[in-house]
Protein chains: 2
Amino acid sequence: MAATTGKTTGAAGRGSTGRRERLRAETTAEIKSAALELMATGGPDAITLRAIAREMGMTANAIYGYFATRDELVTTLINDVYTALADAVDAAWESSAAAHPAVRISAWAHAFRAWALTNPEGFRLVYGDPVPGYRAPEGGAAPDAARRTCTGLAALAAAAWPHARQHYADSDFAWSDFDPGLLDKIRPAFPDLPPAGVALALRLWGHLHGLVSLEIYGHLRGQLAHPDKLFEEELNQLVRTLGIPRPA
Amino acid sequence: MAATTGKTTGAAGRGSTGRRERLRAETTAEIKSAALELMATGGPDAITLRAIAREMGMTANAIYGYFATRDELVTTLINDVYTALADAVDAAWESSAAAHPAVRISAWAHAFRAWALTNPEGFRLVYGDPVPGYRAPEGGAAPDAARRTCTGLAALAAAAWPHARQHYADSDFAWSDFDPGLLDKIRPAFPDLPPAGVALALRLWGHLHGLVSLEIYGHLRGQLAHPDKLFEEELNQLVRTLGIPRPA
DNA sequence: TGTCAAAACTATACGCCGTGAAGTTTAGAT
DNA sequence: ATCTAAACTTCACGGCGTATAGTTTTGACA
């Protein structure tokens, strides 16, 4: 059978057809959860079809009924995990909606790092080389989740923009410097954010990603004792360089 | 034989003993260069003992005469590659010794990014998950090269410090926040750099690493057209936030 | 209710991988 | 000339992704 088979042939009129589909969905979910469990235990490398099958009491080949290749499974996992990350930072942003911009930005960044520290293997899966020979499909593994994250960052930039704009007067970014698909999301949501503000969002992403990445991959371990403190300093300086006045 | 055998038993008095050692060194070098070639072609994943042996017209097991395990070989490669990176940024720093701090910092950062773009697989090897099941040894794979890079970053911070120090008045870092081994290198070289300056160096590392990392791993690809421009903006803003006056 | 096609799953096999054990060739040392 | 150890090969094991072919199960329809 082809793994791309999404539906049974007959239109789902009878309850029995629904049963097949339900079982199928359950098995798919079990495969994914087994894979995530393996990842949490032994890192992304531990995600192997044979190990998943072993965990499920199945043959490795049975998985091919649900995912065409291992890479397709990994891509699905990346999507799920990246979406979870996007959910986490979005939640932090939303739940601090009433707070001072400095506090909201800090909340977003802390949620980002906290998620990464809680799910280091997930972070590696999403942002690193996920798994031995994995090659991401055309357009990236999780374009939607990546877009959501970028849009979230644009929200940070937009919140800071009234204070920050003065520092970006001689930035010469144009809308054409960015991907149209990204702008489709950002421009309607933040009509006051100019191209230079989008660039700021991406730079911000780089800063946070870099610090968290160095920490997760252990490159900070031999240099300083408390990465928390460095991250805190980063956020303080971020607020300063954005020109946001400290809350009262 | 044990792979850890570094010397032949007899002290190297005779020329013939030297011959053995020379052949050994040549073979070791050939293994490493074959591995690097494979990496450049097919990414870190392509570094397999069997492929290296194939390339050399040998058996895979013969490599065990030179490296105890695949991981030991990979660790050696990481060291070599990381050292090459450290050499590249050091060279950029030294060769701009007479220039304005803003120019020197920019030169360092450009050298860092240029090296990464020229050797993307090397960047992944050093900073990512190098190879399928690889686990770095105690204390990291390339502690010396990492230290050199950190020290180089401290030089940037030290060059900026006369201008930047005013912004870090309320940073409460202490020497005890950092690894003594790192400070042994940094404090003698930059006696005027306080703890907050070291923290600045590490943050700077995070910023640059993050942007380059996002670019190398393709996360920027779907968002903007010219990563160069973003990096340039990063450097402009970096100089601004450090409070360094623009050169004349 | 019996029949049948398709879905779900297993069995076998191939070529990769790292690595251990044992055997063979080669070359420096005495 | 002989001996020893280094260098290298052969064979083997278990793990991996995955292609092919065969088997069992099950929902659909006459």
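In what follows, chains carry the letters A, B, and so on, assigned in the order in which the sequence lines appear, proteins first and then strands, with residues in each chain numbered from 1.
- Residue A:Arg70 is classed as a sugar-phosphate contact, given heavy-atom separations below 4.0 Å to backbone atoms only.
- For the OP1/OP2 pair of D:dA6 and a distance below 4.0 Å, the side-chain nitrogens and oxygens of B:Tyr66 include no atom meeting the criterion.
- Aromatic ring orientation, B:Phe112 versus B:Tyr127: perpendicular (interplanar angle above 60°, classes split at 30° and 60°).
- The backbone N or O of B:Ala51 lies less than 3.5 Å from a partner atom in the side chain of B:Thr48, making a donor-acceptor pair.
- The interatomic distance linking B:Tyr64 (OH) with C:dA22 (C1') rounds to 16 Å, in whole Å.
- Going from atom CD of A:Glu55 over to atom P of D:dC16 covers 12 Å, rounded to whole Å.
- What separates CG of A:Asn61 from C1' of C:dC14 is a distance of 12 Å, to the nearest Å.
- Across the protein-nucleic acid pair, B:Arg22 atom CZ and C:dG28 atom P stand 10 Å apart, rounded to whole Å.
- Per the geometry, CZ belonging to A:Arg24 stands 9 Å off P belonging to C:dA7, to the nearest Å.
- Side-chain contact check for B:Glu26 versus B:Glu30: every heavy-atom pair is 4.5 Å or farther apart.
- Residue B:Arg54 contributes atom CZ, which lies 13 Å from atom C1' of C:dG18 at whole-angstrom precision.
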In sequence, state the C-alpha distance, the side-chain angles, and the governing distance for A:Asp179 and B:Arg221, and then conclude on salt bridge (charged side-chain N to carboxylate O under 4.0 Å, His left out). CA-CA 9 Å; A:Asp179 186 88; B:Arg221 204 148 29 220; over 6 Å; no
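- Side-chain N/O atoms of B:Arg50 include none lying less than 4.0 angstrom from OP1 or OP2 on C:dG18.
- Distance from the side chain of B:Ala60 is smallest for C:dT19 among the nucleotides D:dT18, C:dT19, C:dC17.
- B:Gln223 has its side chain out of reach of A:Val198: every pair of non-hydrogen atoms, C-beta onward, lies at least 4.5 Å apart.
- Rounded to whole Å, the distance from CE on A:Met58 to P on C:dA8 is 11 Å.
- The side chain of A:Ala62 lies closest to C:dT10, out of C:dG18, C:dT10, D:dT18.
- Contacts of B:Thr59 with the nucleic acid, taken as non-hydrogen atoms under 4.0 Å apart, include base atoms.
- A:Ile63 has its CD1 atom 17 Å from the C1' atom of C:dA7, to the nearest Å.
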